[in-house]
Amino acid sequence: MPIMETGLLLYSLFFFVFLLFHASSAQVPGFVSFDCGGIENFTDDIGLVWTPDTQLAYGETANISVSNETRKQYMTLRHFPADSRKYCYTLNVISRTRYLLRATFLYGNFDNYNVYPKFDISLGATHWSTIVISDAGTIEVRELIFLALSPTISVCLSNATTGQPFISTLELRQFNGSVYYTDFEAHYYLSVSARINFGADSEVPIRYPDDPFDRIWESDSLKKANYLVDVAAGTKKVSTKMPIDVNKDERPPEKVMQTAVVGTNGSLTYRLNLDGFPGFGWAVTYFAEIEDFGSDQSRKFRLVLPEHPEISKAVVNIEENALGKYRVYEPGYVNLTLPFVLSFKFGKTSDSSLGPLLNAMEINKYLEKNDGSLDGAVISNVVSPYSSADWAQEGGDPCLPVPWSWVQCNSDPQPKIVKILLSRKNITGNIPSNLTKLTGLVELWLDGNSLNGPIPDFTGCIDLKIIHLEDNQLTGGLPSSLINLPNLRELYVQNNMLSGTVPAGLLNRNLVLNYSGNLNLQKGDKRGSHMNIIIGSSVGAAVLLIATIASCLFMSKGKKKYFEQEQLEHSQPVQRLVPSKSDAPTEAAHCFTLSEIEDATNKFEKKIGSGGFGVVYYGKMKDGKEIAVKVLTSNSFQGKREFANEVTLLSRIHHRNLVQFLGFCQEGERSMLVYEFMHNGTLKEHLYGPLTRERSINWIKRLEVAEDAAKGIEYLHTGCVPAIIHRDLKSSNILLDKHMRAKVSDFGLSKLAVDGASHVSSIVRGTVGYLDPEYYISQQLTDKSDVYSFGVILLELISGQEAISNESFGVNCRNIVQWAKLHIESGDIQGIIDPLLHEEFDIQSMWKIAEKALMCVQPHGHMRPSISEVVKEIQDAISIEKEAVAAREGNSDEMSRNSLHSSLNACSMDLGGADNYLSIDESIARPAAR
Ligand SMILES: *[C@@H]1O[C@H](CO)[C@@H](O)[C@H](O)[C@H]1NC(C)=O
Ligand SMILES: *[C@@H]1O[C@H](CO)[C@@H](O)[C@H](O)[C@H]1NC(C)=O
Ligand SMILES: *[C@@H]1O[C@H](CO)[C@@H](O)[C@H](O)[C@H]1NC(C)=O
Ligand SMILES: *[C@@H]1O[C@H](CO)[C@@H](O)[C@H](O)[C@H]1NC(C)=O
Ligand SMILES: *[C@@H]1O[C@H](CO)[C@@H](O)[C@H](O)[C@H]1NC(C)=O
Ligand SMILES: *[C@@H]1O[C@H](CO)[C@@H](O)[C@H](O)[C@H]1NC(C)=O
C-alpha cells in the first residue's frame, strides 16, 4: 500500500526510544513480525514483538543511518545478491484462514551506492508487486490479504533490475472473521490499494492496538501527491467521543469510525491514485452517523462514480441503513472495475437537509493467483528430507517467478521441471523415488553424491534424455526399465556398486553409456570385459554432439536476456563510432593549419575556459570571425579518441541550438577543435558566480535558455540518425551567444546510439551531480540519461544553486536533486527558488518546470519523460510566464498575445501520455511527480 510512503516517515514515526524492553514481550496471537536483518527480539512502542529473521540462510544484513525518529524495525534490513535467483521467506500459516501480509522497504542507501533498487516480490508463484525505490528515506509498503490454502507460504524477492533486492520488515496478521471473504478468494489475492480514515485528527495512521489486526488506517490529512485531492468546498471534519457499535471484529476500529468528513455544501468529492489499478477491485465504504440532528433534518446521499452510472441509483441513509446512530453501515462492491485515477463524489439527494458524511473506506485490487509449477508438490517431497541442506532451502515455487538454482523448467503457463542439477551436493540416502514422478524431466544430474540403494523405475519420465548417476554408492542392477525411455541418449552410472548384467536393450542403441567402475556389473555374456563407453552405432558421436548442442541451447534459454546483452556489448560498434587514427578527421570537417590557429589566437594568448579535455582559447580569424579553440591535453589517449570522435560527429551536426563546429587542427602531438565563439560564456557563470550580482538572468530568460538547450538536445536525440546521446550535459556546457540564446556545447563524450537498439553500453562517464544514477549502476546508456542531467539543469535554473554543494543543502545532503525533491514534493517550492529572481515570476510556470524537473530526475529511465515532452512543457511555461509578464506590466500588446496562442496550439497538438498524466494535477499546482 504505497499510500503510506512518505506518511510513515514524515508524520507517523513513533519515536525510537531505548525503552524497548519495557513492555511485556508476549507476541500477539496470530502475528508474526520479522525485523529483517535485526539481531535481537524487541517490543516496540505500540506493543508489537519483533523478531530477527535469522531463520534465513541467505542474504546479508545491513544497518542504515536514517533519522533517529525512524522505528527500530526499519533501521536494519536484509539484502540479497542481484542475481537471477529468488530469495524466499517461508512462513507458517493455518490453512483455511485469512491473513494480512505486509512487506516494507526502507532503502536508506544501505549499500552506499545511492542507486535506487528495483526488484520484484512474489507470494509463492504469484508476482505480487514490483518494488521501485524512488527515495532513500521513504518506506515502501505492500499489503496483501489472502486465504491460506496450505500450511506454509513463501514470500520471495527476485529479478533485480537495478540495485540489490532488500527487505526491511515482513509482517503477518491473522484475521478471524470473514469481512474479506470473496467468491474469488481461491483464485485471487486482494492487494491493498487504499485504506482511509476520513476526518482524522492527525496525520498519524491508526493501527494496532486500536486495530486488533494491525491494519493501517491512513489519515486523510496526509499530504502527498495525488492523494485525496480536489476536495469539495465546504468539506468539514466531524468527530465524536461517543462509543460506536462496530459490532464485527474486522470492521474499522472505533477510533476510525469516530471521525468523519461532512460535505456541508451538499457534496463530498475526492480524487486519488490507486496503485495497481486499473483492474477489478473490492471497495467498501464505512458510515456511522456521528452528528446529532433533530427529526426535522435528514441526511441522504448517493455515491457518484462517472464510470458506473448504475451505482448512483442507491441512496444511503446511514441512520436507517445501520438501524440507528453510532452504528456502522458498510455498503461495498465486491467486484468493480476501477481506474488508476479514481474520482468519486457523494452528493446529497434533493430532499435531504444535510450533506453527505463519510467515515472510512477500503479499496483492494484483485490479484490473480498463479497456480505455479505442476511439479510443486512432487518436488517438495523430494526436498523435504534434506531440509537442512542449502539447496533445499530456496523456498517458494520450484519454477516461478524464477526457478530454483538447481532446477530448470519449461515455459508453459504451469511450468514443468525439465532439468535437475544436483551434482556433488553431498546427498545421502536412496535416489528420491518422487523424482520418477517428474513427467517432464529431460535431464537428471545426481552424480558425485553419496546415494545408495537401487536405481528406481523412470518409465514415467518419458522425455528423459540424459541421466548422470556416476560416482555414488548405488547398488542393485541396471534396471531394464531404462530401455523404455525412447529418448535416452546419455547414461552415466560408472563408479557405483551396481551388479548384474547390462540389459542388452541398452547396448544396441544410440546411447552414450558408461558403466565402468562397477565391479560386479557385466556386459551380458562377455564375462570380465568392461566396455567403458559403448557407442552403439556410428552415428553415436553425432548424437552426442546434437545432445550437447540441444542442452546448450536449452540452458541458454533462461539466460537469453543476459546473452543478448553481452552480445550487444561486444558488438558495440566502437570501430564505427570512433574512427581509427588513420581515417579520423574526414567528411566535411575543415582542417585548419597550426599557423592559422596561432595567428588567430595570437599564440594562445587569451584563455577563456577549460573543459573536459583541455583548455579553450579566444581567437579572431583574418576575416574578423571570432572563434574558440579547444586545445586537447596532449599525450592523452582518451583525449585523442574523443578528439576523433568529436570531429566526425561534429562535422555532421548542425542546429541553431548546438555550438557550431568550424573545424579541427592536428599537427604533431597537438589536437585542436575550433568552434564559433560564444560571447556570453556559460550558463553556469550566469547562475552563480561573480557575474550574477550585477546581471542575474530573469525567469523568462531562464525559461528561454532551457527551451534552447532542450531543443538542442532534442535534435541530438531525434534529429540525428543514429541518435546521439550527449552524456555530459551540465550548466557549464550550455553556452550563451551575443543575444543570450543558448547552445549546447562539448560533444566530446557523445556517442552514437546503436541503430534499432535502445541502449548502448560503454564506460560510465559524465560529471558528478549530473550523472544518471541508473546509468551509473547499470552502465546502460540511454537518451534518458541526458534527460536526467537536463532535469538537474532545470533545478539549477529554478534555484540558482550548484548541482553539488557541501553547504547549500543542509546537513546530510550534498545533492541538488535530493534537496529540491524534498521541498517540491512537500509543496514548498518557495524554499528552493533563487532569491535573485526577486519574486518576479509566475508561480504556475515555476511549478510546471519544477514538476517536469522532478520527472526528469526520476531514478529509473523509463519513468522520465522524453526530451521532446520536456520541450513542450517549457514552452507551456513560457506562455504562462509571458501572459503573467503582460499582466504584471498591464500590457496587452497584440504581439505577445499572438505568440502565446500559436505556441499553445503547437503544444496542444500532440500532448503525450505523460502530459496527460501530469495535467491531472495542474489544477492544484502541486507536483504529480513522486
Ligand atoms: C526471540 O523470541 C523467540 C520466541 O518468541 C525465541 O524463540 C527466540 O529464541 C528469541 N530470539 C532471540 C535472538 O532472543
Ligand atoms: C533526533 O535528533 C534531533 C536532532 O539531532 C533531536 O532534536 C531530537 O530530539 C532527536 N529525537 C529523538 C527522539 O531522539
Ligand atoms: C523482471 O523485471 C522486468 C522489469 O521490471 C520485467 O520486464 C520482467 O518481466 C521481469 N522478469 C520476470 C521473470 O518477472
Ligand atoms: C469481476 O467481474 C469480471 C466481469 O465483470 C470478471 O471477468 C472477473 O472474473 C470478476 N472477478 C474478478 C476477481 O476479477
Ligand atoms: C557431507 O555430509 C556429511 C554428513 O552428512 C558432513 O559431515 C560433511 O561435512 C558434508 N560435506 C560437505 C562438503 O558438505
Ligand atoms: C513421494 O513422497 C511422499 C512423501 O515423502 C511419499 O509418501 C510418497 O510415497 C512418495 N511417492 C513416491 C512415488 O515415491
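Counting starts at 1 for both ligands and their atoms, following the listed order.
For ligand 3, the atoms sitting less than 4.0 Å from at least one non-hydrogen atom of K118 are 5 (O), numbered in the order shown with element in parentheses. In the vicinity of N159, heavy-atom distances shorter than 4.0 Å reach the ligand 3 atoms 1 (C), 2 (O), 3 (C), 8 (C), 10 (C), 11 (N), 12 (C), 14 (O). Under a 4.0 Å criterion applied to the non-hydrogen atoms of S433, ligand 6 contributes the atoms 12 (C), 14 (O).
For the pair R85 and Y58, the distance from NZ or CZ to the six-membered ring centre is under 6.0 Å and the angle to the ring normal is within 45 degrees.
A distance of 6.0 Å or more separates the ring centres of Y180 and F146.
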Pair W391, Y386 - check ring pair (Phe, Tyr, Trp, His ring centres under 6.0 Å), show working. CA-CA 9 Å; W391 59 269; Y386 304 99; 5.4 Å; yes
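Among protein residues, F184, Y188, F280, N335, Y366 come within 4.0 Å of ligand 4, judged on heavy atoms.
Ion pairing of E774 with K784 is absent here, as no side-chain N (NZ or NE/NH1/NH2) approaches a carboxylate O to less than 4.0 Å. Ion pairing between a basic and an acidic side chain is recognised when a charged N comes within 4.0 Å of a carboxylate O; K86 and D120 show no such pairing. At a threshold of 4.0 Å, the pair R78-E60 does not count as salt-bridged, since none of the basic side-chain nitrogens sits closer than that to a carboxylate oxygen.
Partner of Y87 under the ring pair (Phe, Tyr, Trp, His ring centres under 6.0 Å) criterion, chosen from F80, F119, F166, W404: F80.
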